Amino acid sequence: MKYWVFALLLLGSSPMWADKAPIALAIHGGAGTILREEMSPELEKAFIEALNQSLDAGYQVLLKGGSSLDAVSASVIVMENSPLFNAGKGAVFTHEGVNELDAAIMDGSTLAAGAVAGVRTVKNPILLARKVMTDSPHVMLTGSGADAFAKTTNLELVGPEYFHTERRWQQLQKLLKAGDKGTKLSEDADKTGSRKEAYRFSSEENRFGTVGAVALDSKGRLAAATSTGGMTNKRWGRVGDAPVIGAGTYANGYCAVSATGHGEYFIRAAVAHDICARVEYLKQPLQAASEAVVMDKLVQMKGEGGVIAVDRQGQVALPFNSKGMYRAYIDANGKRVVAIYRD
Ligand code: ASP
């Protein structure tokens, strides 16, 4: 009798969501020197709105019982279609004045993955990455080959004018004038005081930037997706971490991670896989695993940026070692957060 009463009390105190399989979603729109004092109220509002739209798009999929793969795709597409983020429409320019896009997607439940790098003609590179995963025998396609593969699909193709935004174009001109060497802005400014002003970018003009999403669906499947224009003034076919499985994007049965930051560091630190390996092998909680990599390992290497991560319990972690990171999540408890700055 006593036990029945206890059980009934426990049931009664459980919130509604506790009876259901957990679902969770986290997104990012890039990390970097993003400071409140340098952001106009209009731009801040636009970013918050876009983050909310992206979060809603993915979460609706999960609420309807859809897959984590569909959820992360839906969230990323919203940000790829926005000129605000460095992905799809708002992608940065290469040294040659074109836009070369990288993207990857991974299904943690099957370890299937698809990635594209340096594509120029696809409106939504995340969808092409997904086609590589589902409709090709390969994991990663690059450059003109990836664009040729895109022609065999039903995906929307666009001309170079689609990706031309004045803000990104001026960003490239500024760097070209300053004789940019492709290093971090802060390093350039430190080394050459006289060039400091030329290299000075406001928070609105981060030379990096990426979008990404991670999700846990009601069937317990984890997925990760990342899409980016890479680095302003990149050349020689430079590819960052975003499309590199295990670096900027990774998902398995334990966790899903999408990264944003200076790709040259994230590749060498194998960031996304390292976090999931810590969760799987060391049994570290997601937050501890993510922080060990982002706030310790990467900081020691001087690699700037952050990640979004979700585990199979629907816990989320969003550590970043930069000044800010466009980010949002709804965790397994239904808690919703949308944020930009560190505080
Ligand atoms: N990780 C991206 C790259 O290096 C850029 C970014 O996330 O800001 O291409």
Side-chain angles (χ1 to χ4, degrees), residues 26-34 47 51 76 79-80 82 84-88 90-95 98-105 115-120 125-126 129 140 142-143 163 168 171-172 175 180 182-187 201 203-214 224-250 257-275 293-294 298 301-309 318-327 340:
I27 60 166
H28 71 77
T33 311
I34 308 162
F47 270 115
L51 288 170
V76 165
M79 292 187 280
E80 282 184 339
S82 162
L84 291 172
F85 304 99
N86 176 18
V92 299
F93 283 92
T94 66
H95 186 72
V98 295
N99 310 90
E100 291 182 347
L101 312 166
D102 304 337
I105 191 161
V116 291
V119 292
R120 297 184 179 190
I126 199 64
M140 187 186 238
T142 66
F163 299 109
R168 297 299 191 195
Q171 206 172 335
L172 172 67
L175 277 176
D180 169 49
T183 47
K184 275 198 299 190
L185 289 173
S186 48
E187 282 171 7
F201 272 71
S203 293
E204 302 176 11
E205 297 172 315
N206 202 352
R207 79 174 296 176
F208 288 101
T210 286
V211 308
V214 293
T226 314
S227 179
T228 186
M231 178 183 185
T232 309
N233 200 27
K234 65 184 180 181
R235 61 197 302 194
W236 302 305
R238 182 263 185 191
V239 176
D241 59 311
V244 178
I245 299 300
T249 307
Y250 194 74
V257 178
S258 170
T260 169
H262 198 150
E264 278 66 11
Y265 295 84
F266 281 61
I267 291 173
R268 285 176 286 146
V271 166
H273 183 266
D274 203 20
I275 292 171
V293 176
V294 174
L298 273 175
M301 294 171 73
K302 299 198 187 334
E304 204 178 322
V307 303
I308 51 168
L318 302 88
F320 55 97
N321 63 37
S322 47
K323 296 272 195 285
M325 180 166 86
Y326 300 105
R327 62 198 186 280
I340 298 177

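One-based numbering, in listed order, for ligands and for the atoms of each. Predicted model only: the values in this text are computed from it and were never measured.
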Problem - Geometric N/O contact Thr210 with ligand 1, under 3.5 angstrom - result: yes

Practice task
State the atoms of ligand 1, each with its element, that fall below the 4.0 Å cut-off from a heavy-atom position in Phe208.
Solution key: 5 (C), 6 (C), 8 (O)

Completion exercise
Residues passing the ring-ring contact (aromatic ring centres under 6.0 Å, His included) test with Phe320, sequence neighbours excluded, are none

Practice task
Would you mind listing which atoms of ligand 1 come within a distance below 4.0 Å of any non-hydrogen atom of Asp241?
Solution key: 1 (N), 2 (C), 3 (C), 4 (O)

Exercise for the section: Kindly say whether Phe266 contributes a backbone atom to a donor-acceptor pair with the side chain of Asp241 at under 3.5 angstrom? Expected result: no

Exercise for the section: Take Glu304 and Thr33, measure what side chain to side chain contact (heavy atoms under 4.5 Å, CB included) needs, and give me the verdict at the end. Expected result: CA-CA 10 Å; Glu304 204 178 322; Thr33 311; 4.1 Å; yes

Practice task
Taking salt bridge (charged side-chain N to carboxylate O under 4.0 Å, His left out) as the test, write out the residues that go with Glu80, two or more places apart.
Solution key: none

Exercise for the section: Report yes if the side chains of Phe208 and His262 come closer than 4.5 Å at any heavy-atom pair, otherwise no. Expected result: yes

Practice task
May I ask whether Gly209 places a heavy atom under 4.0 Å from ligand 1?
Solution key: yes

Practice task
Flag this pair as yes if the NZ/CZ of Arg268 is under 6.0 angstrom from the six-membered ring centre of Tyr265 and inside a 45 degree cone about the axis; otherwise no.
Solution key: yes

Practice task
Please indicate whether any nitrogen or oxygen in Ala31 is less than 3.5 Å from any nitrogen or oxygen in ligand 1.
Solution key: no

Practice task
Please say which of Leu172, Val92, Thr94 ends up in a side chain to side chain contact (heavy atoms under 4.5 Å, CB included) with Asn233.
Solution key: Leu172

Practice task
May I ask whether Gly30 has any heavy atom positioned less than 4.0 angstrom from an atom of ligand 1?
Solution key: no

Problem - Closest to atom 9 (O) of ligand 1 among Arg238, Met231, Lys234 (heavy-atom distance) - result: Arg238

Fill in the blank from the handout: If we number the atoms of ligand 1 from 1 as shown, the ones under 4.0 Å from a heavy atom of Gly240 are 9 (O)

Handout entry: ligand 1 atoms in contact with Thr260 (distance to a heavy atom under 4.0 Å)
Key = 6 (C), 7 (O), 8 (O)

Fill in the blank from the handout: For Gly230, the atoms of ligand 1 under 4.0 Å from one of its heavy atoms are 9 (O)

